[in-house]
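Being a predicted model, the structure only gives us computed values, none of them experimental.
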Amino acid sequence: MHSVEVGESSGPDGGIETFGFLLKVRTPRKTLTLLVSDSGAGGPELVKEHVVGGVHRGAPLGNLGHALRSAGLRTFEVWQPGPESRVVTQARVLVPAFRPAYVMPHHMGARGGFDLFGGLHYAFDPAEVPKLMSVLDDFGVPLIPPVNYFDAWVHDHEGVRTTRNAAVKQTLGLPASGPGPSPQGPNPRTGQLEGPDD
């Protein structure tokens, strides 16, 4: 799965390539599962057959179903979707069907510039994605957004929790916790993260 802007759809040839990765890791105490999807595709894009260079690549949701079956899974515990736009259209399908325990958005801070050493450009604001938050609230799924680059989490038999990553952050000039060192500005796509058709 990969991005199109709010209100847009890909062309008749299947459009841009889209990506998603389903990970299954066996540990002594629990099998850990994670879906990382890089997409702004929404609505018909999710079920549209993509043809790239004459090769049928399948539809994003169909491909996810095949991957789950191949891995012997019926669900995944953590979903990391991105970028911000159109995630709600995916959430309306994925959250009720697969009941992830956590949603951790990625692809944040790259709009309007990218400065790894200055920190995340703007804070995640749940008010910018009210439709997504409504879906997550309906199913009791917490959303865990990053506050800065190289924030770290542990995913194990106890679930997902934050952990310190101060040594890596210090090497890059980032604070041990919180945003910065550069001041954060407003999201340059404020008001454009969810559209009327979402």
Roughly how far, to the nearest 0.5 Å, is CZ of Phe21 from CG of Leu64?
13.0 Å

Side chain to side chain contact (heavy atoms under 4.5 Å, CB included) between Phe98 and Val93, intermediate numbers included
CA-CA 8 Å; Phe98 301 110; Val93 176; 5.7 Å; no

Can you confirm whether Thr27 sits close enough to Asp156 that some side-chain heavy atom of one is under 4.5 Å from a side-chain heavy atom of the other?
no

Verify side chain to side chain contact (heavy atoms under 4.5 Å, CB included) between Leu35 and Leu94, making sure each step is shown before the conclusion.
CA-CA 10 Å; Leu35 173 66; Leu94 299 186; 4.1 Å; yes

Do Pro188 and Tyr122 come close enough that some side-chain heavy atom pair is under 4.5 Å?
yes

With a 3.5 Å distance limit and no angle check, can you tell me whether Glu128 reaches the backbone of Gly191 through a side-chain donor-acceptor pair?
yes

Is there side-chain contact between Val78 and Val160, with heavy atoms separated by less than 4.5 Å?
yes

Rounded to the nearest 0.5 Å, how far does CG of Leu61 lie from NE2 of His66?
11.0 Å

Under the criterion side chain to side chain contact (heavy atoms under 4.5 Å, CB included), I'd like the reasoning laid out for Arg99 against Phe139: C-alpha separation, chi angles, the key distance, then a yes or no.
CA-CA 8 Å; Arg99 301 295 179 98; Phe139 290 90; 3.6 Å; yes

Within a strict 4.5 Å, meaning less than it, do heavy atoms of the His50 and Pro60 side chains meet?
yes

Would Leu46 end up clustered with Leu132 when hydrophobic side chains under 4.5 Å apart are linked, directly or stepwise?
yes

Gap between atom NZ of Lys24 and atom OG1 of Thr33 - 0.5 Å precision:
9.5 Å

Heavy-atom nearest pair, Tyr102 first then Gly159, reads OH-CA, 3.4 Å

Do Arg74 and Leu68 have side chains that get closer than 4.5 Å, going by heavy atoms?
no

So, do Arg161 and Trp153 sit near enough that their side-chain heavy atoms are less than 4.5 Å apart?
no

Closest non-hydrogen contact found for Pro130 with Ala127 is CD-O, 3.4 Å

From the options Leu34, Asn63, Leu73, Val36, select the one residue that forms a side-chain contact (heavy atoms from CB on, under 4.5 Å) with Leu22.
Leu73

Distance col, row Asn165:CG vs Leu174:CG, nearest 0.5 angstrom, shows 9.5 Å

Are Val147 and Val168 connected into the same hydrophobic cluster when the rule is that any two of I, L, V, M, F, W, Y join if their side-chain heavy atoms are below 4.5 Å apart?
no

Establish whether Phe117 and Leu120 are linked, either directly or via other cluster members, by ILVMFWY side-chain heavy-atom contacts under 4.5 Å.
yes

Step by step, would you call Val135 with Val88 a side chain to side chain contact (heavy atoms under 4.5 Å, CB included)?
CA-CA 8 Å; Val135 172; Val88 64; 4.2 Å; yes

Side-chain contact test, heavy atoms from C-beta onward, threshold under 4.5 Å: evaluate it for Tyr149 versus Pro179 and give yes or no.
no

Looking at Asn148 and Gly119, what are the two nearest heavy atoms and their distance?
OD1-CA, 3.1 Å

Just by distance, with hydrogens left out, do Ser37 and Trp79 show a side-chain donor and acceptor under 3.5 Å apart?
yes

Tell me if the NE2 atom of His56 is crowded by more than 12 foreign heavy atoms within 6.0 Å.
no

Quick check: closest heavy atoms across Phe150 and Leu116, and the distance to 0.1 Å?
CE1-CD1, 3.6 Å

What about Met104 and Val25, same hydrophobic cluster or not, with Ile/Leu/Val/Met/Phe/Trp/Tyr joined at side-chain heavy-atom distances under 4.5 Å?
no

Which pair of non-hydrogen atoms, one from Pro100 and one from Val141, has the smallest distance, and what is that distance?
O-CG2, 3.4 Å

Nearest heavy atoms of Leu143 and Met133, plus distance in Å:
CD1-SD, 4.2 Å

Applying side chain to side chain donor-acceptor pair (under 3.5 Å), run through Arg29 and His157 and close with a yes or a no.
CA-CA 6 Å; Arg29 300 184 70 173; His157 66 281; 3.0 Å; yes

So, taking the atom named CD1 in Ile144 and the one named CD in Gln80, what distance separates them when rounded to the nearest 0.5 Å?
9.5 Å

Those residues that, when tested against Glu77, pass salt bridge (Lys or Arg N to Asp or Glu O under 4.0 Å) (two or more places apart):
Lys30

Answer yes if Leu136 and Val87 sit in the same cluster of Ile, Leu, Val, Met, Phe, Trp and Tyr residues linked by side chain heavy atoms under 4.5 Å apart, and no otherwise.
yes

Using a strict 4.0 Å threshold on nitrogen-to-oxygen distance, state whether Arg92 and Asp198 make a salt bridge.
no

So, do Asp115 and His121 sit near enough that their side-chain heavy atoms are less than 4.5 Å apart?
yes

